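The basis for the numbers below is simple: all heavy atoms, side chains too, and nothing from hydrogens, waters or symmetry mates. In what follows, every chain begins at residue 1, and chains take the letters A, B, ... in the order their sequences are listed. Computed from a predicted model, the values in this text were never measured in an experiment.
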Amino acid sequence: MKLSHSIFSKNNTTEYTDEAILEGIINNSNATFGFIYKSYFPKIKKMVWAFRNTLLQPDDIFQEGLTRATINVRNGKFRGESSFYTYLNSTCRNICLKELSKHRSTELQIDKEEINDDVNYELLGALVNLMNRLDEKCRTIIDLRFNISAQDNSTNPEENSKSTPFEIVAEKTGLSPDNTRQRFKRCIDKLREMVMGNPEINEYYQ
Amino acid sequence: METQDNIDIIVIENYLDGLLSEQEKEQFLLRLETDQELKKLYQFRLKIRDDWEKARQYETTREQVKEAVQREKSRQRRNIMYAVAASLALIIVVSGIFNMINPRDESSEMAATETDSAAVETYEPQISQPKNYADSGQYKPNEVERSLLLTLDIKADSIIFNWQPLPEKETFLVFVSQENKQEILRKQIQPTSLTISLPRNQIPSGKLIWYIEGFMARDSFELANTK
C-alpha cells in the first residue's frame, strides 16, 4: 500500500482513502479487510437490524456483501462512481431484500444506481456446493482443463477461456492423456447430472 | 460401455482443442444445428466453464473475506481482554498506592478501638488465662499491657529494685531463672510502694529475670557467687 493512499489521523489509527481500500482489496491485504470490518460493519449491522427480521444475520450479510463487492472490485465492475462504503452498503441491502423476498412477497427495490452486478451469486453459491461434492481429483482435472487457478484473483478472459490440452493436464496430474480425457469426461458427466438434478439451478442450464 | 453423451463430450473437447479434421468439424457443426441434445450438451460445456471459473473465484474470495473477518474479530476480542486485564491491574495498583499514601487513617482508627480505655466490653469467657478475668466475665484489655519502668541498684550487701509507676494494687516481685525459666523467688509488694531492698544472700546467684506480676515489663541481671 502506498503511503500517499492513506492518511493518518490524530489518534494514530490508520484511515484509508477509497483508492487505498480498492488497492488493498485487489492485493488481498489483511490490514485493508481489517479496516473495512472495523469501520463499516457497525453501520451495516444497524442497516440490517433496521429490517427487524430475524432471518437476516448481520455477520452473514456483511461477509456475503463484502465477498461480492470484492469480486466486483477485482473484476473492474466497481468503477468508483460512489464511495466504497456506499457501494458495500447497497450490496448488503440488496442481499437483505433478496433474502426477504425468498420468504415473503416483499417487493424488491434494489439499488440499481449503485450496483452494476450481472452475476447470479445464488447460482454461484449453489454451484460451489455441487463442486465440493465432486472428489478432489475431479476438481483438479476440471480446474486444469478449464485453465483456472484457485489463487488467481484477477481474471483475464482471453487467456483463461482457452482450454488446457489434455497432454498438459496429464503431465500435471501424473495420469496418461487418454486416462485424463476419460476422467474429465466422467467428471463433466457427473457434474451435469448433479446440476440437472438440482432444482435451484437446473433451469438456468436448460 | 460409452454413452452417446460421453462420445459427444469427446467430440466437443476435440472441437474446442482444434483437433477435428475439416470434414469432422463440418459434420460436428451440422449436427450442432440439428441435434438438440448435442446442442444442449455443447451449451452446457461452454456455460459451465464460465460458471466454474466464477464459482471458483467466489469460493476463494468468500474464504479470504471470512478469514479476514475472523482475524479482525479475534484481534478485537484480544484487545478487549487486554483492556479488561489492564483495567484490573490499574485498579489494584491505584488501590495499593492509595493504601501506601494513607496508612495512618486505617491504623489510627484501629488503634483508637484497641486503646479506648473507657471501653470495657462484656465478654463471654472462652479462655482459661487469665482465670480471674474469665471468671469475672469482664475483659480489661489494658490491664496487662500497662508499661512499667524497671531499674535496680546493686549494693555491697543488698540489691534495691525500683519500678515506676505505682502498681495500684497488692502484687508480687518475682524472680525467674534465665536458664530454665523456673520461678525461684517471690516477694509481696504494697500498692503504694515504688521500691524494695533485698539482702544479697536472699537472692540466688546466676542469671535472673525479675518483674512485677501483672505487668509486661521484664529486666535481667547476673549475680556472681559470693561464697
Side-chain angles (χ1 to χ4, degrees), chain A residues 28-30 32-38 41 59 62-64 66-71 74-75 119-121 123-128 130-132 139 142-143 145-153 155 157 160-163 165-166 181-182 184-186 188-189 191-192 195-196 201 204-206, chain B residues 1-20 25 28 35-80 82-83:
Chain A
N28 192 28
S29 154
N30 288 333
T32 305
F33 280 112
F35 169 79
I36 292 170
Y37 179 80
K38 192 170 61 183
F41 178 65
D59 279 83
F62 179 81
Q63 281 190 34
E64 183 62 26
L66 184 55
T67 301
R68 294 181 186 187
T70 299
I71 290 171
R74 286 174 179 170
N75 291 347
V119 180
N120 185 343
Y121 285 102
L123 171 84
L124 294 185
L127 198 54
V128 166
L130 295 186
M131 281 163 60
N132 289 330
R139 288 203 299 271
I142 294 174
D143 275 343
R145 173 66 180 163
F146 287 169
N147 198 16
I148 291 163
S149 164
Q151 298 304 316
D152 190 8
N153 293 327
T155 53
N160 291 343
S161 60
K162 291 176 186 170
S163 297
F166 281 111
R181 197 176 275 108
Q182 290 298 326
F184 176 77
K185 278 191 307 184
R186 281 203 294 273
I188 288 291
D189 201 35
L191 180 62
R192 189 169 179 234
V195 166
M196 293 311 177
I201 57 173
Y204 175 77
Y205 288 98
Q206 292 293 342
Chain B
M1 186 182 166
E2 287 194 299
T3 64
Q4 185 59 41
D5 268 2
N6 276 345
I7 295 166
D8 287 343
I9 288 172
I10 294 173
V11 176
I12 288 168
E13 295 304 322
N14 286 342
Y15 170 73
L16 292 173
D17 284 349
L19 298 175
L20 297 181
K25 191 175 166 185
F28 173 75
D35 188 337
Q36 287 303 307
E37 282 306 309
L38 180 67
K39 191 178 177 183
K40 277 184 185 175
L41 187 61
Y42 180 69
Q43 282 173 343
F44 175 80
R45 168 62 179 82
L46 297 183
K47 242 181 193 179
I48 200 70
R49 194 248 163 252
D50 283 346
D51 290 343
W52 183 277
E53 183 181 11
K54 286 175 188 170
R56 273 301 209 194
Q57 190 193 17
Y58 175 70
E59 187 184 29
T60 307
T61 309
R62 195 170 63 178
E63 283 305 309
Q64 287 172 349
V65 167
K66 191 178 171 184
E67 274 177 31
V69 167
Q70 289 302 324
R71 202 177 296 118
E72 183 59 25
K73 277 183 182 176
S74 304
R75 200 187 64 77
Q76 287 184 2
R77 268 198 297 271
R78 207 166 46 242
N79 285 351
I80 290 170
Y82 286 156

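- Going from atom NZ of B:Lys40 over to atom CZ of A:Arg192 covers 8.0 Å, rounded to the nearest 0.5 Å.
- Of the residues listed (A:Asn75, A:Leu124, A:Thr70), the one engaging B:Gln57 in a side chain to side chain contact (heavy atoms under 4.5 Å, CB included) is A:Asn75, and it is the only one.
- The shortest heavy-atom contact between B:Asp17 and A:Ser163 is OD1-CB, 4.0 Å.
- Taken to the nearest 0.5 Å, the CD1 atom of B:Ile10 stands 5.0 Å off from the CD atom of A:Gln182.
- The main-chain N or O of A:Tyr204 is found under 3.5 Å from a side-chain atom of B:Lys47 such that the two form a donor-acceptor pair.
- Of the two parts of B:Gln76, only the side chain, counted from C-beta on, holds a non-hydrogen atom closer than 4.5 Å to a non-hydrogen atom of chain A.
- A:Met196 has its side chain within reach of B:Phe44: a pair of non-hydrogen atoms, C-beta onward, lies under 4.5 Å apart.
- Contact annotation for A:Phe62: only side-chain heavy atoms (C-beta onward) come within less than 4.5 Å of a heavy atom of chain B.
- Side-chain contact between A:Leu127 and B:Tyr58 is absent, with no heavy-atom pair separated by less than 4.5 Å.
- Most heavy-atom pairs under 4.5 Å with chain B: of the set A:Leu66, A:Ile142, A:Ile188, this distinction falls to A:Ile142.
- Side-chain contact check for A:Met131 versus B:Glu59: some heavy-atom pair is nearer than 4.5 Å.
- Atom CG in B:Asp51 sits 8.5 Å away from atom CD1 in A:Ile201 (nearest 0.5 Å).
- For A:Ile36, no part sits under 4.5 Å from any heavy atom of chain B, backbone or side chain.
- Between chain A and the residues B:Lys66, B:Gln43, B:Arg45, B:Glu13, the most heavy-atom pairs under 4.5 angstrom are made by B:Glu13.
- Rounded to the nearest 0.5 angstrom, B:Ile9 CD1 and A:Phe184 CZ are separated by 8.0 Å.
- Taking 4.5 Å as the limit, some side-chain heavy atom of B:Arg49 sits within range of a side-chain heavy atom of A:Ile148.
- When every heavy atom of A:Gln63 is checked against every heavy atom of B:Val65, the shortest pair comes out as O-CG1, 3.8 Å.
- With a 4.5 angstrom heavy-atom cutoff, A:Arg145 touches chain B only via side-chain atoms.
- Screening B:Arg75, B:Arg71, B:Glu67 against A:Asn30 for a side chain to side chain contact (heavy atoms under 4.5 Å, CB included) leaves a single residue, B:Arg71.
- Using a 4.5 Å cut-off between heavy atoms, B:Gln36 makes no contact with chain A at all.
- A:Tyr37 places none of its side-chain heavy atoms less than 4.5 Å from the side chain of B:Gln70.
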